[in-house]
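Read through the structure below, which is laid out as C-alpha cells, and then see the notes.
Model, not experiment: these values are computed from the prediction. Sequence lines set the chain letters: A, B, ... in the order given, protein chains first and strands last, and positions in each chain run from 1.
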2 protein chains.
Amino acid sequence: MPLQASQQHCATVKNQPTQNLLLNAAPADVQQRLFPHLELVEMPLGKVLYESGDVMRYVYFPTNCIVSLLYVMENGASAEISVVGYEGLVGVALFMGGESTTSRAIVQSAGFAYRLLGQRMKDEFNRHGELLQLMLRYSQALLTQMAQTAVCNRHHSIDQQLCRWLLLSLDRLKDNHLVMTQELIANMLGVRREGVTEAAGRLQKQGVIDYSRGHIVVINRPKLEQLSCECYEVVKAETDRLLQYLPSNNT
Amino acid sequence: MPLQASQQHCATVKNQPTQNLLLNAAPADVQQRLFPHLELVEMPLGKVLYESGDVMRYVYFPTNCIVSLLYVMENGASAEISVVGYEGLVGVALFMGGESTTSRAIVQSAGFAYRLLGQRMKDEFNRHGELLQLMLRYSQALLTQMAQTAVCNRHHSIDQQLCRWLLLSLDRLKDNHLVMTQELIANMLGVRREGVTEAAGRLQKQGVIDYSRGHIVVINRPKLEQLSCECYEVVKAETDRLLQYLPSNNT
DNA sequence: TCAGCTTTGTGCGTCAGCGAACATAAAATA
DNA sequence: TATTTTATGTTCGCTGACGCACAAAGCTGA
C-alpha cells in the first residue's frame with residue numbers, strides 16, 4: 001500500500017533509496033533508471049509480501065524494516081529460513097527465473113521499503129550490467145544464510161539460536177530495541193513459546209537483555225555474541241566478504 | 001584426476017556429457033563451445049571437490065555420482081546442506097561471484113562427472129545467453145533444497161529424515177542399490193550413528209529396505225515416500241517446476 | 001475501576017536423541 | 001585358518017525440548 005502524498009513527503013524526509021545497501025551500491029546509471037520507479041511503502045508488522053507459490057509482482061528493498069522468509073508446513077508449524085533487511089532484497093526468485101518460491105515473506109519488524117515492479121527489475125537485470133553481478137552476489141549471501149540456518153537447526157540449543165536471532169535482528173536495525181513478542185520469536189525459530197520464555201529469562205538474568213511485553217532491549221551485545229553459536233559469525237563474515245567491494249555511489 | 005587414454009575410452013562408452021541434465025538442456029551453440037573442454041573425471045567415494053573457503057578451479061557436472069554439500073563445524077560435527085547429482089552442478093559460487101563457499105563438497109556416491117575450468121564456465125556465463133537462465137534456475141532449485149533442509153532439521157525425526165535422504169539418493173542413481181555405511185549417513189544427517197542404525201533397523205523390519213555392511217537396497221519405494229516427511233516431495237515438485245521446460249538438445 | 005485480553009511465568013510428565021561403553025558379526029588380511 | 005579391522009546391534013543414564021495446563025502480571029477499553 002503506497003503512501004498518500006502528505007505521508008510520502010513526511011516519510012521521504014527520513015527515507016532514501018540509498019539506505020538500502022544494494023540500491024546504494026548500484027552504479028549511477030542503474031540508479032538513474034530505477035530510482036524514478038521506486039515506490040516507498042510502509043511495512044507494518046505481520047504484512048505478508050508473498051505466500052508460498054505466489055507469483056511475485058514486486059521486489060522489495062527494505063530500508064529500516066526486517067522481512068522474514070518463513071516456511072510454513074502442512075500442519076501449520078513454521079521455520080524461518082532467512083531474514084532480509086537493509087542489506088538485501090526480497091524477491092530473488094524474480095530474477096532467478098522461478099517467479100515464486102516455496103516460502104512466505106512476512107514483515108518481522110515494522111518500517112519501510114522501496115518496491116519495484118518485477119518487470120522493471122527483470123528488464124534492468126537483463127541488461128546484464130553491474131546490477132546482475134550485485135544481485136548474484138547477494139543471492140549467494142542468502143544461500144549462505146540458508147545453509148547456516150540448516151546447520152544451526154541441527155546442532156544448536158534454543159538458547160544459542162535465540163542469541164543468533166537477536167543478533168541478526170540487531171544488525172538490521174539502528175538501535176538496540178526490538179518490538180517482538182516471545183510468541184513471534186518462537187514462530188520464527190520454529191520452537192515452543194515456553195522455550196523462548198525460558199531462554200529469554202536466562203539472558204535477562206545474565207544482564208544481556210531486558211524485556212517486557214513485546215519489547216526487547218539488548219544491553220550487552222558482546223555477551224550476546226559470546227553466547228551465540230558460530231553460525232552468526234560465519235554468515236556475517238561471508239556476507240561481508242561477498243558484499244564488501246561493491247562500487248558505491250553515496251550521495 | 002583425469003583418466004588415462006585407455007580408461008577414458010572405456011569410460012566414454014558409457015559416459016556422455018548429456019547424461020547431465022543441465023549440459024543436456026544447454027542450447028546447441030553452448031554445447032559446441034563447452035563440450036570440447038569438458039573433462040571426464042572419476043569421482044571416488046569421499047573425494048573432496050573443495051573445502052570451505054577454497055577458490056574453486058572447476059565446476060563439476062555429475063553424471064552418475066552424487067556430491068554432498070556439507071558444512072563442517074568448528075568442533076568437527078557436520079550437516080548436509082544439499083546434494084547434487086546428474087540434475088545439477090557443483091560450484092555455483094563460481095558464477096554467483098563469490099568464488100568460494102562456506103561448505104565442503106564431497107563425493108557421497110562414487111561415479112563420474114564432467115568438469116570444466118571455472119574460467120570457461122564464467123566466460124560462457126558472461127555471454128549472457130541461455131546458459132545464464134539455466135544456471136539461475138538451477139540455483140533457485142538449490143536454494144529451495146537448502147531451505148527445506150533447514151525446515152527438516154528443525155521439525156522432523158531421524159526416521160523421517162533417513163527416508164528423505166534415501167529418496168534423494170535414489171533419485172540420483174539409476175538403480176535402487178546404495179553403497180553407503182550407516183556411519184556415513186549419520187555424518188550427512190548430522191546425527192549419531194546409533195540413531196541411524198535404529199532407524200534403518202525399523203525400516204528393514206517394515207520391509208522397506210534391506211541392508212548389510214555398507215549396502216542398502218530399497219525394496220519398497222512407495223512405502224519409503226509415505227514414511228518420509230513432506231520435505232522430500234516439496235523440493236522435488238519445486239525442482240521439477242524450475243527445470244521442466246528446459247530447451248532440450250538430445251542427440 | 002473493573003473486566004477482558006495479551007503476554008509472560010512455571011510446573012508437570014513424556015520422549016527423542018545424545019554420549020558412552022560394550023557386544024556381535026561380517027569382511028579383509030595375514 | 002587365525003587375526004585384525006570394519007560395520008552394525010544394544011543397553012543405560014541423561015538432558016533438552018515438547019505438549020499441556022494453568023497462574024500471574026501488565027496493558028486496554030468500557
So, does A/T239 use its side chain to make a donor-acceptor pair with the main chain of A/V235 at under 3.5 Å?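 Looks like yes, one N/O pair under 3.5 Å.
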Polar side-chain atom of A/N153 near backbone of B/A150 as donor-acceptor pair, under 3.5 Å: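 It does hold such a pair.
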Under 3.5 Å, is there a donor on one side chain and an acceptor on the other for [X] and [Y]?
X: B/R241; Y: A/S100; answer: yes
X: B/R154; Y: A/Q161; answer: yes
X: A/E238; Y: A/Q145; answer: no

Protein-nucleotide distance (A/H155, atom NE2; C/dG19, atom P), rounded to Å: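 After rounding, the gap between these two atoms is 10 Å.
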DNA chain D contacts made by residues 207-218 of chain A, counting heavy atoms under 4.0 Å: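 Heavy-atom cutoff 4.0 Å gives A/R213.
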A side-chain contact here means heavy atoms from C-beta on lying under 4.5 Å apart; do [X] and [Y] qualify?
X: B/E198; Y: B/R202; result: yes
X: A/L178; Y: A/L170; result: yes
X: A/Y50; Y: A/R104; result: no
X: B/V208; Y: B/L227; result: yes
X: B/Y138; Y: B/L22; result: yes

Looking at DNA chain C, which of residues 159-170 of chain B put a heavy atom within less than 4.0 Å of it?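 Hits under 4.0 Å, by residue number: none.
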Nucleic acid contacts of residues 177-203 of chain B, taken as heavy-atom distances under 4.0 Å to DNA chain C: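 Listed by number, they are B/V191, B/R192, B/E194.
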Passes side-chain contact (heavy atoms from CB on, under 4.5 Å), A/L184 versus A/N187? Steps please. CA-CA 5 Å; A/L184 283 179; A/N187 287 155; 4.2 Å; yes
Let me see the working for A/M180 and A/S169 under side-chain contact (heavy atoms from CB on, under 4.5 Å), right down to the final yes or no. CA-CA 10 Å; A/M180 176 64 50; A/S169 298; over 6 Å; no
Might you work through the side-chain hydrogen bond (donor to acceptor under 3.5 Å, both in side chains) test for A/E80 and A/S68, ending with a clear yes or no? CA-CA 7 Å; A/E80 190 176 77; A/S68 273; 2.5 Å; yes
Compute the bend angle of the helix from C/dT1-D/dA30 to C/dA30-D/dT1 from the end axes (five pairs per end), rounded to 10°.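 Both end axes considered, the difference amounts to 30°.
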Contacts under 3.5 Å, N or O only, protein and nucleotides 28-30 of chain C:
none

Pairing residues for B/A93 by the side-chain contact (heavy atoms from CB on, under 4.5 Å) criterion, not counting sequence neighbours: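 Counting only residues at least two positions away or on another chain, B/A93 forms a side-chain contact (heavy atoms from CB on, under 4.5 Å) with A/Q140, B/M56, B/T101.
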